[in-house]
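Just so it is clear, the structure is predicted and the values come from calculations on it, not from any experiment.
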Amino acid sequence: MALTEGNQSTEATFTLLGFSEYPDLQVPLFTVFLAIYMVTVVGNLGMIVIIRINPRLHTPMYFFLSHLSFVDFCYSSIVTPKLLENLVVGDRTISFTGCIMQFFLACIFAIAETFILAVMAYDRFVAVCNPLLYTVVMSPKICASLVAGPYAWGIVASLTLTYFLLALSFCGSTIINNFVCEHSVIVSVSCSDPYINQVLCFVIAMFNEVSSLMIILTTYIFIFITVIKMPSDGGCQKAFSTCASHLTAITIFHGTVLFLYCVPHSKTSWLIVKVGSVLYTVVIPMLNPLIYSLRNKDVKETVRKLMNSTTQS
């Protein structure tokens with residue numbers, strides 16, 4: 001029996017419906033998503049290059065930002081190419097192995113981003129509340145550990161969820177009413193009892209959101225108290241400008257995640273879920289480098305120098 005179920009799962013083929021119910025929008029959506037993906041790739045890889053070539057950006061804050069850009073690039077590159085393919089190709093199928101691998105890899109980087117944003121909040125807390133101890137507290141070794149943690153937990157959580165997904169059985173061709181192989185949609189088309197998978201996903205998701213948001217809220221409460229006590233307006237303005245980009249990125253990321261969790265899974269909500277998934281998987285990876293580059297003088301100056309050297313050569 002176990003062998004039969006395993007064969008059924010291995011031979012199962014998923015069909016990602018995506019936005020197929022809107023045939024007239026396929027080409028416009030392809031154009032928009034392709035443009036977003038190109039900006040995502042250029043923006044995130046460009047941010048990593050800029051941080052590496054500018055010695056002034058060799059600080060803990062930019063070290064974390066480079067990893068955020070790396071995570072965004074990887075996450076978008078796992079999801080968006082298949083989305084683009086399904087918008088122009090009639091065959092929207094994806095193999096069982098391909099679907100599971102897409103979920104496994106996307107899950108790693110989604111969880112890693114959640115906690116990298118929390119690590120960046122801690123970095124801002126140390127910079128604002130303990131500036132004299134900043135270089136000691138945020139040493140290269142500690143920074144490396146703070147970045148390794150999100151990746152490690154992302155791998156562990158993703159492996160756990162994927163292991164239980166592999167224990168499910170799937171009967172023949174299954175239709176997924178989304179453009180990405182998310183945990184909930186994979187479980188929903190299974191022939192097996194979904195209870196354990198649903199509970200496990202809920203527990204891990206709640207742990208990720210609650211723990212990361214608690215870190216962020218706690219650090220920013222202390223930052224706010226410290227800023228309020230600052231005697232000079234210049235110090236307050238500098239502290240707020242240092243945190244503004246990060247707060248914007250956090251608001252967009254966690255706002256979208258909470259929106260997706262709060263939407264009820266009914267037939268009328270599927271379009272809203274898809275739009276939320278687009279924001280989460282396609283748009284946010286593009287926004288982060290724009291948020292940090294548009295509000296950062298050092299980044300803009302490095303870009304300007306690179307453009308000038310390119311035009312002169």
*asked:* Using the rule given for side-chain contact (heavy atoms from CB on, under 4.5 Å), can you reason through Phe125 versus Tyr220, listing the C-alpha separation, both sets of side-chain angles and the distance that settles it, and then say yes or no?
replied: CA-CA 7 Å; Phe125 160 73; Tyr220 272 102; over 6 Å; no

*Let me see the working for Phe104 and Leu159 under side-chain contact (heavy atoms from CB on, under 4.5 Å), right down to the final yes or no.*
CA-CA 7 Å; Phe104 172 70; Leu159 277 172; 3.6 Å; yes

*Dump the intermediate steps for side-chain contact (heavy atoms from CB on, under 4.5 Å) on Leu161 and Leu200, then the final yes or no.*
CA-CA 7 Å; Leu161 291 171; Leu200 186 64; 3.9 Å; yes

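No side-chain heavy atom of Thr219 sits less than 4.5 Å from a side-chain heavy atom of Arg124. A heavy-atom distance below 4.5 Å is found between the side chains of His254 and Ile216.
Val42 and Val32 sit in two unconnected hydrophobic clusters of ILVMFWY residues. Membership requires side-chain heavy atoms under 4.5 Å apart, directly or through other members. When hydrophobic clusters are built by joining Ile, Leu, Val, Met, Phe, Trp and Tyr residues whose side-chain heavy atoms come closer than 4.5 Å, directly or via intermediates, Leu25 is grouped together with Val88. The cluster map of Ile, Leu, Val, Met, Phe, Trp and Tyr, joined by side-chain heavy atoms under 4.5 Å apart, puts Val89 and Val27 in different clusters.
Residues that satisfy the ring pair (Phe, Tyr, Trp, His ring centres under 6.0 Å) test with Phe179, not counting sequence neighbours, are Phe19. Not a single side chain to side chain donor-acceptor pair (under 3.5 Å) links His58 to another residue, sequence neighbours left out. Shown here are the ring pair (Phe, Tyr, Trp, His ring centres under 6.0 Å) partners of Phe63, two or more places apart in sequence or in another chain: His67. Legend: residues meeting disulfide bond (SG atoms under 2.5 Å apart) with Cys107, ordered by chain and number and at least two apart, are absent. Under the side chain to side chain donor-acceptor pair (under 3.5 Å) criterion, Gln26 pairs with Arg92, sequence neighbours left out. Residues that satisfy the ring pair (Phe, Tyr, Trp, His ring centres under 6.0 Å) test with Tyr163, not counting sequence neighbours, are absent from this structure. Applying the side chain to side chain donor-acceptor pair (under 3.5 Å) test to Asp123 and every residue at least two apart in sequence or in another chain returns Tyr134.
Panel note: side chain Thr174, backbone Phe170; no donor-acceptor pair is recorded below 3.5 Å. For Thr218 (side chain) and Ile215 (main-chain N/O), no donor-acceptor pair under 3.5 Å exists by modelled atom type. Looking only at distances, no side-chain donor or acceptor of Thr80 sits under 3.5 Å from a matching main-chain atom of Ser77. Judged purely by atom type and a 3.5 angstrom limit, Ser76 has no side-chain atom pairing as donor or acceptor with the backbone of Asp72.
A donor-acceptor contact under 3.5 angstrom links the side chains of Ser169 and Ser192, judged on distance only.
Rounding to the nearest 0.5 Å places CG of Leu133 at 8.0 Å from OG1 of Thr135. Note: Leu29 CG to Tyr22 OH = 10.0 Å, rounded to the nearest 0.5 Å. Taken to the nearest 0.5 Å, the OG atom of Ser95 stands 10.5 Å off from the CD atom of Gln102.
Among pairs with a residue in residues 117-155, none fulfils disulfide bond (SG atoms under 2.5 Å apart), at least two apart in sequence or across chains. A salt bridge (Lys or Arg N to Asp or Glu O under 4.0 Å) check over residues 186-200, counting only residues at least two apart or in different chains, returns nothing. Among pairs with a residue in residues 76-106, those fulfilling disulfide bond (SG atoms under 2.5 Å apart) read Cys99-Cys181, at least two apart in sequence or across chains. Counting only residues at least two apart or in different chains, salt bridge (Lys or Arg N to Asp or Glu O under 4.0 Å) contacts with residues 15-32 comprise Glu21-Lys274.
In this structure, Phe103 and His183 have tilted ring planes: the angle between them lies in the 30° to 60° band. Note: Phe115 and Phe207 have tilted aromatic rings, judged against thresholds of 30 and 60 degrees for the angle between ring planes.
Residue Leu217 qualifies as enclosed at atom CG: its count of foreign heavy atoms under 6.0 Å is above 12.
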Please set out all donor-acceptor pairs under 3.5 angstrom arising from side-chain atoms of residues 275-286, sequence neighbours excluded.
{"from": "Ser277", "atom 1": "OG", "to": "Glu182", "atom 2": "OE2", "distance (Å)": "3.4"}
{"from": "Ser277", "atom 1": "OG", "to": "Val273", "atom 2": "O", "distance (Å)": "2.9"}
{"from": "Thr281", "atom 1": "OG1", "to": "Ser277", "atom 2": "O", "distance (Å)": "2.6"}

